[in-house]
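Comments concern the structure below.
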Amino acid sequence: HNNVDYKATRGSVIETSSFYNSFALYGYVYDSGSSFTNSTTVNSSINGIQMSKNGSGSEYKASTVYWPGASKKATFFAVAPYSAYSNVSANNGGPTITYTVPQTVSNQEDLLVAEATEVTCDGKSAPALTFNHALAAITFTKGDLGDFTSISKVEISGVNNKGTLSSFETPLSWTNQTIDGSTNTYSITSLNDIMFLMPQTTPTGAKLKVTFKNETENKTYVADLNGTE
């Protein structure tokens with residue numbers, strides 16, 4: 001069993017009370033006299049196993065997996081939601097996430113990661129996992145619209161949308177960030193929608209485009225996101 005908590009480091013979208021129904025767990029087991037290192041390999045029985053909500057509390061469980069015993073320790077990593085499992089490689093020294101942000105905003109999810117280090121494997125207590133946001137939640141609000149009555153569309157383009165997360169320690173840092181083809185334009189038509197994008201220094205050419213409307217016209221304004229143009 002694992003006890004789950006939630007730490008709001010970026011957008012507070014997934015909260016403790018509404019946490020995902022399941023997550024993927026990775027366990028790296030070693031002798032109790034040793035410590036977790038970059039060469040430690042994942043345990044084959046805890047390699048992306050699905051941990052599912054146990055009742056209405058904060059406890060999650062998997063199908064039967066036996067504790068290795070008090071002579072062993074383990075370091076655990078977790079990725080939520082469980083569907084993100086397909087983006088994870090369980091490398092020596094911990095898992096790596098290679099992720100591309102979905103182009104359709106409604107398909108974007110609040111990607112969460114956690115780790116619990118140097119856990120004694122005697123089975124006497126469940127390791128606690130505190131999840132942190134891996135992506136930035138982008139929301140928009142409207143102020144004085146002047147002669148316009150509403151905002152009909154907000155679009156972000158030219159930002160990095162693919163990267164690698166190889167450390168689950170905070171602060172989280174995505175590396176190898178790139179622009180993945182033409183799939184890095186994201187738009188919403190309601191200010192209630194939230195974009196989950198990669199935290200980054202925006203590349204040259206990244207744009208924010210906002211379309212305003214009233215009863216007679218639509219007008220679009222474009223801003224440079226990194227201030228170089």
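- Look at D31 and K72 and you find a salt bridge, because one of the NZ, NE, NH1 or NH2 atoms lies within 4.0 Å of a carboxylate O, short of that distance.
- Counting non-hydrogen atoms of other residues, nucleotides and ligands closer than 6.0 Å to CG of N107 gives a total above 12.
- Residues Y66 and V42 are members of separate hydrophobic clusters, defined by side-chain heavy-atom contacts under 4.5 angstrom among Ile, Leu, Val, Met, Phe, Trp and Tyr.
- Atom-to-atom distance recorded for N160:CG and T178:OG1 is 6.5 Å, nearest 0.5 angstrom.
- For an aromatic pair to be called close, the ring centres must be under 6.0 Å apart, and F212 with F148 satisfies this.
- Here the side chains of K162 and T98 are in contact, with some heavy-atom distance below 4.5 Å.
- Partner T96 forms a side-chain hydrogen bond (donor to acceptor under 3.5 Å, both in side chains) with one of T164, T175, N91, N87 and no other, that one being N91.
- No side-chain heavy atom of L135 sits less than 4.5 Å from a side-chain heavy atom of L197.
- Side-chain N or O atoms of Y20 include one that pairs as donor or acceptor with a backbone N or O of D110 at under 3.5 Å.
- The two residues A80 and F23 make their nearest non-hydrogen contact at CB-CB, 3.7 Å.
- Looking at heavy atoms from C-beta onward, S32 lies out of side-chain contact with T120 at the 4.5 angstrom threshold.
- Between A24 and G48 the shortest heavy-atom distance is CB-O, 4.2 Å.
- To the nearest 0.5 Å, atoms NZ (K61) and CG (N54) are separated by 4.5 Å.
- Ring planes of Y85 and Y26: parallel class, angle under 30° (limits at 30 and 60°).
- Rounding to the nearest 0.5 angstrom, the gap separating the CG atom in L191 from the CD1 atom in I151 is 5.0 Å.
- Proximity of F19 to Y60: side-chain heavy atoms (C-beta onward) are separated by under 4.5 Å at one or more points.
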>> ring-ring contact (aromatic ring centres under 6.0 Å, His included), that's the test. Do Y28 and F77 meet it? Break it down for me.
In response: CA-CA 8 Å; Y28 292 71; F77 299 88; 5.6 Å; yes

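- For the side chain to side chain contact (heavy atoms under 4.5 Å, CB included) criterion with V79, the lone passing option out of L112, L165, L111 is L111.
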> So V154 and K209, side chain to side chain contact (heavy atoms under 4.5 Å, CB included) or not? Walk me through it.
Replying inline: CA-CA 6 Å; V154 178; K209 183 185 297 185; over 6 Å; no

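- Here the side chain of K73 pairs a donor or acceptor atom with the backbone of S34 at under 3.5 angstrom.
- Between N226 and T201 there is no side-chain heavy-atom pair separated by less than 4.5 Å.
- Under the 3.5 Å distance criterion, the side-chain polar atoms of W67 are left unmatched by any main-chain donor or acceptor of K124.
- Judged purely by atom type and a 3.5 angstrom limit, N184 uses its side chain to pair as donor or acceptor with the backbone of V159.
- The shortest heavy-atom contact between D224 and G205 is OD1-N, 4.3 Å.
- Listed for the Q108 side chain is a donor-acceptor partner under 3.5 Å among the backbone atoms of P102.
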>> Please determine whether side chain to side chain contact (heavy atoms under 4.5 Å, CB included) holds for the pair E115 and S167, giving the CA-CA distance in whole Å, both sets of side-chain angles, and the decisive distance to 0.1 Å.
In response: CA-CA 10 Å; E115 66 176 352; S167 172; 6.0 Å; no

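- N161 contributes a side-chain N or O that, together with a main-chain N or O of D180, makes up a donor-acceptor pair within less than 3.5 Å.
- Without hydrogens or angle criteria, E118 side chain to F36 main chain gives a donor-acceptor distance under 3.5 Å.
- Listed here is the closest heavy atom pair of V105 and Y186: CG2-CB, 4.2 Å.
- In this structure, NZ on K219 lies 14.0 Å from OG on S152, to the nearest 0.5 angstrom.
- The backbone N or O of G163 lies less than 3.5 Å from no partner atom in the side chain of Q177, so there is not a single donor-acceptor pair.
- A donor and an acceptor atom, one from each side chain of T37 and S39, are located under 3.5 Å apart.
- To the nearest 0.5 angstrom, F168 atom CZ is 14.5 Å from F76 atom CZ.
- Around the CD atom of E169, the shell of radius 6.0 Å holds no more than 12 heavy atoms that belong to other residues, nucleotides or ligands.
- W174 and P199 make their closest contact through CD1-CD, 3.6 Å (heavy atoms, listed as atom of the first residue, atom of the second, distance).
- With respect to K213, the side chain to side chain contact (heavy atoms under 4.5 Å, CB included) criterion is satisfied by exactly one of T220, N218, L145: N218.
- Judged as a side chain to side chain contact (heavy atoms under 4.5 Å, CB included), and not counting sequence neighbours, the contacts of D193 are I188, S190.
- When all heavy atoms of A116 and A128 are compared, the closest pair comes out as CB-O, 3.7 Å.
- The hydrophobic cluster containing L225 does not contain V222, counting ILVMFWY residues as joined when their side-chain heavy atoms lie under 4.5 angstrom apart, directly or transitively.
- Of the residues listed (N43, T75, T40, T41), the one engaging Y30 in a side-chain hydrogen bond (donor to acceptor under 3.5 Å, both in side chains) is T75, and it is the only one.
- Legend: residues meeting side-chain hydrogen bond (donor to acceptor under 3.5 Å, both in side chains) with Y82, ordered by chain and number and at least two apart, are absent.
- We find that E155 and K153 are joined by a salt bridge, their nearest charged nitrogen and carboxylate oxygen being less than 4.0 Å apart.
- Contact of the L129 side chain with the F131 side chain is registered, since non-hydrogen atoms from C-beta on lie closer than 4.5 Å.
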